[in-house]
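Residue numbers start at 1 and run along the sequence shown. Worth knowing before you read on, the calculation uses all heavy atoms, side chains too, and leaves out hydrogens, waters and symmetry mates. Source: prediction; values computed, not measured. Ligands are counted one by one from 1 in listed order, and the atoms in each one are counted from 1 as well.
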Amino acid sequence: MKKFVNIFGNINNDKDIIDAADDFADLSKAKLIPDEGFDAPLYVMWELTSTCPNKCIYCYNDSHNKRVNELSRKRKFEIADELINAKVFQVCLTGGEPTCSSEYFDLMRYLRSNGIEIGTILSGANLDRKKIRKIAEYVNMIQISLDGSKPEIHDFVRNRKGSFDEAVNAIKGFVKLGKQVRVSFATTKYNIDDFKNTVELCKELGVESVRTQRLSISGRVKGNEEAIYATEKQFEELEKYIYSKKAPIQIEYRSPAEHIEFGIKNGYATVMRITSDGLVGITPYIDVYFGDLNKESFNDVWRKMKKGWHNEVMLSLAKEMNSRQNGTLLDPLTEKIFL
Ligand code: SF4
């Protein structure tokens, strides 16, 4: 596959399996996707824990405290074996703050040494030079969140003093080791006007690219949209800057709706979300689950989920989620549902 763009906009150039296709719509048109869907997800986003020292005002999965039924160490390694046997291409270890999980480093090493490409999303918390070196050894894609060019802005949005310094130190540490670091910037009304300055800081720090998008209305944004969401005027300014192509490094401005639109059009699941308590979703932005890895095997859940976008309930929810004209996704549910 020439360009496999996952939901984080990550492009894997080295997947030479299906060279002719630019995206999944091409694969589908060329009838390269089996009628029954893929044998395994291409990309698994694994929230190892919900524990996080930060409490960002926009957190899409409402992380901060540990959940009651988080997967045990034993079950996590069984799932890792299942992912390896299924030949999943890429696993992104995330959270919460994944470094708060005592299995983070062991799982990373285990998955990587069994052929799975690893990505990770970090806030910069809990890291020292030794840990940065360890992560750099195993991880292909490192994403660090930076929500402003100075502590007053970043720490406010992340709800914790000191989080700006942690993020900057982590970026410096990985860059020093020659790793490509991608920064993600969340667009809230409090920091969006500082995007240009943040990009300039990223350039100084040696960051590869900056990714941003509209927030999805889920997690902590749900019910607080008015207080958090940037105004259309602010987005206009942001887009003016992005489309002027004056940014000193690459900007990835993507729609969070891309994988939903692909799902609605083609019916196939490509992404799997595993929550810290083992629930399995088809997209991280809605509380719909196809199974529970505390009770079921990975293969059994995948069998139910791989044509999940054909499910009528999922399809109508996806249309509702994707109903905003500006590309914002909205989780319309008031409680979790299982399909
Ligand atoms: S650092 Fe990430 S996981 Fe933690 S609260 Fe912020 S957005 Fe959520």
Next item on the list: Would you check whether R220 reaches within less than 4.0 Å of ligand 1, judged by its heavy atoms?
Entry: yes
Is the shortest side-chain N to carboxylate O distance from [X] to [Y] below 4.0 Å?
| X | Y | value |
| --- | --- | --- |
| E82 | R75 | yes |
| E225 | R324 | yes |
| R133 | E137 | no |

Item checked: Nearest heavy-atom neighbours spanning M305 and V271 ->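 Answer, listing the atom of M305 first, then V271: CE-O, 3.4 Å.
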[Y] backbone acceptor or donor facing [X] side chain under 3.5 Å:
| X | Y | answer |
| --- | --- | --- |
| D331 | S218 | no |
| N191 | D147 | yes |
| R214 | N326 | yes |

Margin query: Yes or no, since that's all I need: does a protein heavy atom fall within a distance strictly under 4.0 Å of atom 5 (S) of ligand 1?
Written below: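 Yes, there is a protein heavy atom closer to it than 4.0 Å.
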Checklist line | Residue and atom, protein N/O/S, under 2.8 Å of atom 4 (Fe) of ligand 1 | finding: C52 SG
